[in-house]
Amino acid sequence: MAKYASFSRFRTSFFSMRIRLGFDLSFSAVDSPNPTRIRAIAFRLVYREAGFKSSSHLVHFSHPSPELFPRFLHHATRFATVPARRRSEHERMASQSPQSRGVAEPISLVGPTPADLESTARLERLLREEGLYESAEETAAREEVLRGLRGVVDRWVKRLTRQRGYPDGMADRATALVLPFGSYRLGVHGRGSDIDALVVGPSYVDRDRDFFGALAAALAETAAVAELQPVPGAHVPVIKMRFHGVQVDLVYAGVCLPVVPGDLDLSGRSVLRGLDLATARSLNGVRVADEILRLVPDAAAFRTTLRCVKHWAKARGVYSNVAGFLGGVGWAILVARVCLLYPNASPSMLLPRFFRVFARWKWPSPVMLRAIEHNDGELGLSLPVWDPRRNPRDKIHLMPIVTPAYPCMNSGYNVSHATLRVITEQLAVGDAVCQEIVKAGSGGGGWDKLFQPFNFFGAYKSYLQVDVTVTGGEEDDLREWKGWVESRLRLLSARVEADTSGMLLCHLHPQPYAAEPHNEPRRRRRTSSFFVGLSKPPAQPQQQQHQLFDLRATTEGFKEEVYMYDYWRPGMEVAVAHVRRKDLPSYVLRQLLRSPGRHDQLKRKRADDDPSSSPAASDHSASSSSSRDAKRPAAAPGRIGSSFEKKT
């Protein structure tokens, strides 16, 4: 408000406005808008830009003050030239409150030009060529998976109802809903995408005993189910499996109803009455997806843009919630935020603006689609809501991306200093590429440059290699152990940066690399490896020319935390080693060579290596365990080099 002298000056009218309005606005004979109406709409938009919370007391004033006249004329001219079919939408948006549509007002209401539409068509063709859309057969197969899953869940609930001694009539009516959420519910799933599904059951079904017990046992006996993995201790308790070859993540929420109706509305807060936090988190998967689709002004443009952003994030290695980056919900909220800022833009317009907005975003300023809402005892709900004004712990979050459904949560709670730095760097790269594409023009034909994979193994000369090994177990045991270690890797990056006072920077690669199984006498070893790139910050004049880092204590602390796994069993091991790029395992190189365009990049980068400036060689030794009665593997000095040489 300091920009404007006073409220009285803001509402001061001047006679020249009428002359300028008639001179600058051109009205067609076929579609002639009402000048008075234009003045009212444009004045309301200018008024909100000035920062006032309500314009109800200014209904009698239709002229802006002199300092606001340029903005008034901008809105009035643009609105007068908008086609009639879109003018009503502009009026509706101008009359809505920020809370009903989003936290902030739109930056621009400009729609696409013919060139923008052509660029969008090229972008969609590229997405189809990349296999990001399902075929009709794949869609039918996915629907068949949901039908089969609903059949298993329905039989499970009816059997439980009879076992609880309820009347036969109630058992016949007993059912549980199976509702997809995530990318499937948002309509942005593609080939090979998994299905996130929520089971909504009656009040007498217990999650631990019935969902992870009886239902997991029923699924294990189902021929269509493979790779079954219950994870009751996850942030959102989940059963992972493959159903007819499709990856399915199944979560459970029991509502306070004896019989779950088929048309149960999950959008209202009343459905949360009497639920614990874990159940509310499970329900919010569906509620958040529905609320995002309700808030975005153009669902089709939102979906296409989100497909592009997810494809880019996976190619650049910043798509993984468990590894400390952002998952599907986080990226969806960011895209929805840009859609609210540019409600009439096409995907080819939204994509460059997405990178421009978030490459310059001042974290930890939160990204929100609507104002944070609290229950404050209305329905007797006591669920925690993300709000740093009330909860001091929320102030430490580095990248708050707030879900729009009550209770509001931070979908970026896993982001650390290391992963935030990588995300912002990649957003800046994406912004630069988009600006080049826009300047080049040609109908947006260069969009493929945006989706070039990040050459992780060509970007660094030194890495931490984290080997996850299971000896004597099955593939399911390795999958379970690998999932736990993966969830702890972001802590390793944080430890390294903290223990070296920021002199070593870490970049965690979320993709694991599987080694060939090693057959020992009477035992089979299965190993999967993760890698963390190590780099140095820009050199400062006062820094030493040579600096050594001893990471043994750092990795020992990490291994101690990993071995605290509640379901640890003998044969589950983890080892950390420092490796140079030229010493990467052969199975990693073979998998890289299968990726198009990676061989030449890796070969060229290796030729640039200077052995004299590479880190010191690593000391290799492993810790192991042989029996259940034995102690868990100690985090003794393992496969980590004793020092890392830093040269400027």
Side-chain angles (χ1 to χ4, degrees), residues 71 74-75 77-79 81-83 86 89-90 93 102 104-130 132-133 188 190 296-319 326 330-363 367 422-455 597:
R71 293 300 301 160
H74 169 74
H75 288 300
T77 304
R78 184 174 59 192
F79 188 77
T81 57
V82 169
R86 305 191 73 166
E89 176 67 14
H90 287 209
M93 294 185 63
E105 294 300 306
I107 293 177
S108 172
L109 300 178
V110 175
T113 64
D116 293 325
L117 296 177
E118 175 61 24
S119 180
T120 297
R122 292 175 180 268
L123 186 59
E124 291 177 342
R125 283 198 295 270
L126 177 62
L127 296 180
R128 294 187 183 280
E129 293 172 359
E130 295 288 337
L132 299 184
Y133 288 88
V188 294
V296 294
D298 187 341
F302 163 76
R303 290 188 175 106
T304 301
T305 308
L306 181 55
R307 284 184 187 273
C308 294
V309 171
K310 291 180 65 174
H311 184 40
W312 167 85
K314 292 175 181 178
R316 305 303 293 183
V318 291
Y319 189 95
L326 297 181
W331 291 115
I333 293 174
L334 295 184
V335 172
R337 187 72 177 85
V338 175
C339 289
L340 289 172
L341 294 176
Y342 303 93
N344 298 319
S346 64
S348 63
M349 300 167 64
L350 289 170
L351 197 54
R353 286 163 174 79
F354 170 86
F355 289 102
R356 176 55 58 93
V357 168
F358 291 112
R360 290 160 174 76
W361 194 268
K362 302 300 182 183
W363 304 106
V367 175
V422 174
I423 293 172
T424 53
E425 287 174 355
Q426 293 302 322
L427 286 170
V429 172
D431 178 39
V433 173
C434 282
Q435 298 311 311
E436 292 178 2
I437 294 173
V438 171
K439 290 179 181 178
S442 303
W447 286 115
D448 56 328
K449 300 177 183 177
L450 180 64
F451 306 114
Q452 291 296 319
F454 177 66
N455 186 16

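- Looking at heavy atoms from C-beta onward, Leu350 lies in side-chain contact with Cys339 at the 4.5 angstrom threshold.
- Within the model, atoms NZ of Lys439 and CD1 of Ile437 stand 12.5 Å from one another, a figure rounded to the nearest 0.5 Å.
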So Thr305 and Val338, side chain to side chain contact (heavy atoms under 4.5 Å, CB included) or not? Walk me through it.
CA-CA 10 Å; Thr305 308; Val338 175; over 6 Å; no

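- Figure legend: Arg353 and Tyr342 shown as a cation-pi pair, the cationic atom lying under 6.0 angstrom from the six-membered ring centre and within 45 degrees of its axis.
- Residues Asp116 and Ser119 bring no donor and acceptor atom of their side chains to less than 3.5 Å of each other.
- The distance between the ring centers of Trp312 and Tyr319 does not fall below 6.0 angstrom.
- Checking Ser348 against Trp447 by side-chain atom types alone, no donor-acceptor pair falls below 3.5 Å.
- A cation-pi arrangement, defined by a distance under 6.0 Å to the six-membered ring centre and an angle within 45 degrees of its axis, is absent between Arg307 and Phe302.
- Taking Asp298 as the reference, nothing meets the salt bridge (charged side-chain N to carboxylate O under 4.0 Å, His left out) condition, with sequence neighbours excluded.
- The structure places CG of Leu326 at 6.0 Å from CG of Leu334, a figure rounded to the nearest 0.5 Å.
- Here the side chain of Trp331 pairs no donor or acceptor atom with the backbone of Val309 at under 3.5 angstrom.
- Within the 4.5 Å cutoff, the side chain of Phe358 has heavy atoms near those of the Val367 side chain.
- Within the 4.5 Å cutoff, side-chain heavy atoms of Leu427 are placed close to those of Phe354.
- A salt bridge between Glu118 and Arg122 is present, with a side-chain N of the basic residue lying under 4.0 Å from a carboxylate O of the acidic one.
- Rounded to the nearest 0.5 angstrom, Arg360 CZ and Phe355 CZ are separated by 12.5 Å.
- Rounded to the nearest 0.5 angstrom, Glu130 CD and His311 NE2 are separated by 4.0 Å.
- Interatomic distance, Leu132 CG to Cys308 SG, rounded to the nearest 0.5 Å: 8.0 Å.
- Residues Leu109 and Pro343 are in side-chain contact: their nearest non-hydrogen atoms beyond the backbone lie under 4.5 Å apart.
- Between Ala301 and Ala345, the shortest heavy-atom distance links the atoms CB-O, 4.0 Å.
- Taking both residues in full, the closest heavy atoms of Asp448 and Leu126 are given as N-CD2, 3.5 Å, listed atom of the first, atom of the second, then distance.
- Closest heavy-atom contact between Arg316 and Val429: NH2-CG1, 4.0 Å.
- Between the SG atom of Cys434 and the CG atom of Leu351 there is a distance of 4.5 Å, given to the nearest 0.5 Å.
- Counting heavy atoms from C-beta outward, Val110 and Asn344 have side chains that stay 4.5 Å or more apart.
- Residues Gln435 and Asp431 have side chains that bring a donor and an acceptor to within less than 3.5 angstrom of each other.
- Shown here for Lys310 and Val188, the closest heavy-atom pair between the two residues is NZ-CG2, 4.1 Å.
- Closest heavy-atom contact between Leu127 and Tyr133: CB-CE1, 3.7 Å.
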